[in-house]
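The structure appears right after this line, and notes come after that.
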2 protein chains.
Amino acid sequence: MHMKSSLAQSQWPVSVATAPACEGCGLVERCFLAKPLPDDDGDCADIVRRRYPIERGERLYRRNTPFTSLYQVCSGSLKTQRETPEGDLVVTGFFLPGDVVGIDALADRQYQSDAYANIDTEVCQLDFERLLSHCAHKPGLNAWIISMIGSYVRRKDSDLSWSCSLQTHQRVLRFFLDLHERLTQASHTQSSGLSLPMKKQDIASYLHMTPETLSRNLAQLRREGLLHLHDNRFTLPDTTRARAITGL
Amino acid sequence: MHMKSSLAQSQWPVSVATAPACEGCGLVERCFLAKPLPDDDGDCADIVRRRYPIERGERLYRRNTPFTSLYQVCSGSLKTQRETPEGDLVVTGFFLPGDVVGIDALADRQYQSDAYANIDTEVCQLDFERLLSHCAHKPGLNAWIISMIGSYVRRKDSDLSWSCSLQTHQRVLRFFLDLHERLTQASHTQSSGLSLPMKKQDIASYLHMTPETLSRNLAQLRREGLLHLHDNRFTLPDTTRARAITGL
DNA sequence: CGCCTCATTGATCGTTGTCAAGCCGGGTGG
DNA sequence: CCACCCGGCTTGACAACGATCAATGAGGCG
């Protein structure tokens, strides 16, 4: 019964040694890659390539190229984008520290989108073939993979359910609530304001609206005292009311 | 197009014996459940419960109940729906013969939506715990699961990318193109017209528009000769033009 | 300084949601 | 067999929201 109540990441044994390359990584205490992999008996070393830097604006992988690796964000942030039939670019996801990117490539063994760094970023690379080949005799590792994919599915599903059905100002507010939550859980800093790790254009694209509409809605949310945003730093002064409005 | 057979399904040995309950199932020649499961050495019998009927309008599972099983549709069709914060119901997916439903429950071990039969339907039930417990010593089975989830992710991802960014009439047309493709690949019947296995209200909800808007768009597509739809049977007279319009 | 990209604000137009009425087909009961 | 009802669907008139077009401002970098 290796697969108890929850597939959650938290059930891995709080492990002892952390890999040398992980020293100083802000994610280290909640990152499973920083610890030995589940059921690792020492032969998993070739799976992970740790803390690999990507510069702002640099591309991590390109659409329609062969899928080889998954990547976990250590610091910074990534976006994935695709092209519409008309040739416009649409942002399909943002990836923050702790998130795994590349899962959309599992089915076709081809990346389904282009992945770019929004700001200077570090990722850990996971060789998927090697990962799978170790799974057979490591049920814990297998469960971890399915859990990881499950989280991605949940996120996509919930995105899909609100990104179209909510009103514009609700979408914007929900985006910032969600972002706040993900950023604070990743790094436990409760500093005065979080920095916005992507461009507003990209946010607009992700939320299926024009930059103009986003800007107007931001102005209104500021007026209503639901969001402070200045110089790429933001806070949510009244999360209770915000949650009530967005239904989160 | 987007129907390259995914990761692993096609690589199973075209197997010999089909299970008795699968005789007469329309899906039998493309269904992997009809054949012994990958790497099955005989002890997988308890995983699958075959061809289990659900009546039109009946609920298969309910949101926020414990996740136990995945279901593959044999015949008929299912929908999944959720409630918005305002209390409206939104259809989040349609499942046709060959599709696996319940994958959104993987992360939380709770179903994330309500699943209903649109018409009289048959499903095969897969006990997920048992499935996983067999994975350890059956790498093929493991790969199959990941492939199955991968297909789901791909579908969700592509839904997400077009269901919001396209114009209304494009969304409608794309929906019918997609439906046509999925229905014909499931049962190889190239009959004169396919029957629409769901209500228009649900289609409207799924496409994020009102029934009125859907109706108007259907009327226009008929006028333009891109879609025939009468008495719940439909054909696509000009798939080439339709594809060009929707970017599929 | 000038160029560039990003962000903001205003004016106008078009598409879609809303509200309302009418239609059609299936089911029920007299 | 027909009258009736009800849910699903269609069509029309109107209002509202967001996209488009255009102009301006703010910051980064050669």
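Treat the numbers as computed from the prediction; the structure is a model and nothing was measured. We name chains A, B, ... by the order of the sequence lines, and we start the count at 1 in each one.
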Just to be sure I understand the geometry, which residues of residues 195-213 of chain B put a non-hydrogen atom under 4.0 Å away from DNA chain C? H208(B), M209(B), T210(B), E212(B), T213(B)
Under a 3.5 Å threshold, yes or no: a donor from one side chain and an acceptor from the other, between T246(A) and Q170(A)? no
Taking only residues two or more places apart in sequence or in another chain, which ones pass ring pair (Phe, Tyr, Trp, His ring centres under 6.0 Å) with Y152(A)? none
Round to the nearest Å and state the distance from D231(A) atom CG to dC6(C) atom P. 17 Å
Spacing of R56(A) atom CZ relative to dC6(C) atom P, expressed in whole Å: 9 Å
Among D99(B), L60(B), L126(B), which residue satisfies the side-chain contact (heavy atoms from CB on, under 4.5 Å) criterion with Y71(B)? L60(B)
Walk me through whether K156(B) and D104(A) qualify under salt bridge (charged side-chain N to carboxylate O under 4.0 Å, His left out). CA-CA 9 Å; K156(B) 280 288 169 182; D104(A) 56 345; over 6 Å; no
Whole angstrom value for the distance that separates C1' of dG8(D) from CG of N232(B): 11 Å
Can you tell me the distance, in whole Å, between the CD atom of Q167(A) and the P atom of dT16(C)? 15 Å
Return the residues of residues 214-228 of chain A meeting this criterion: a heavy atom under 4.0 Å from some atom of DNA chain C. Order them by number, or give none. S215(A), R216(A), A219(A), R222(A)
Do Q185(A) and E181(A) have side-chain atoms, one donor and one acceptor, less than 3.5 Å apart? no
Does one side chain, of T92(B) or T80(B), offer a donor that lies under 3.5 Å from an acceptor on the other? yes
Salt bridge between D178(B) and R174(B), side-chain N to carboxylate O under 4.0 Å? no
Qualifying residue, where the test is side-chain hydrogen bond (donor to acceptor under 3.5 Å, both in side chains) with K79(B) and the options are N118(B), D114(B), D202(B): D202(B)
Rounded to the nearest Å, what distance is computed from the CG atom of residue L166(B) to the C1' atom of nucleotide dT16(C)? 16 Å
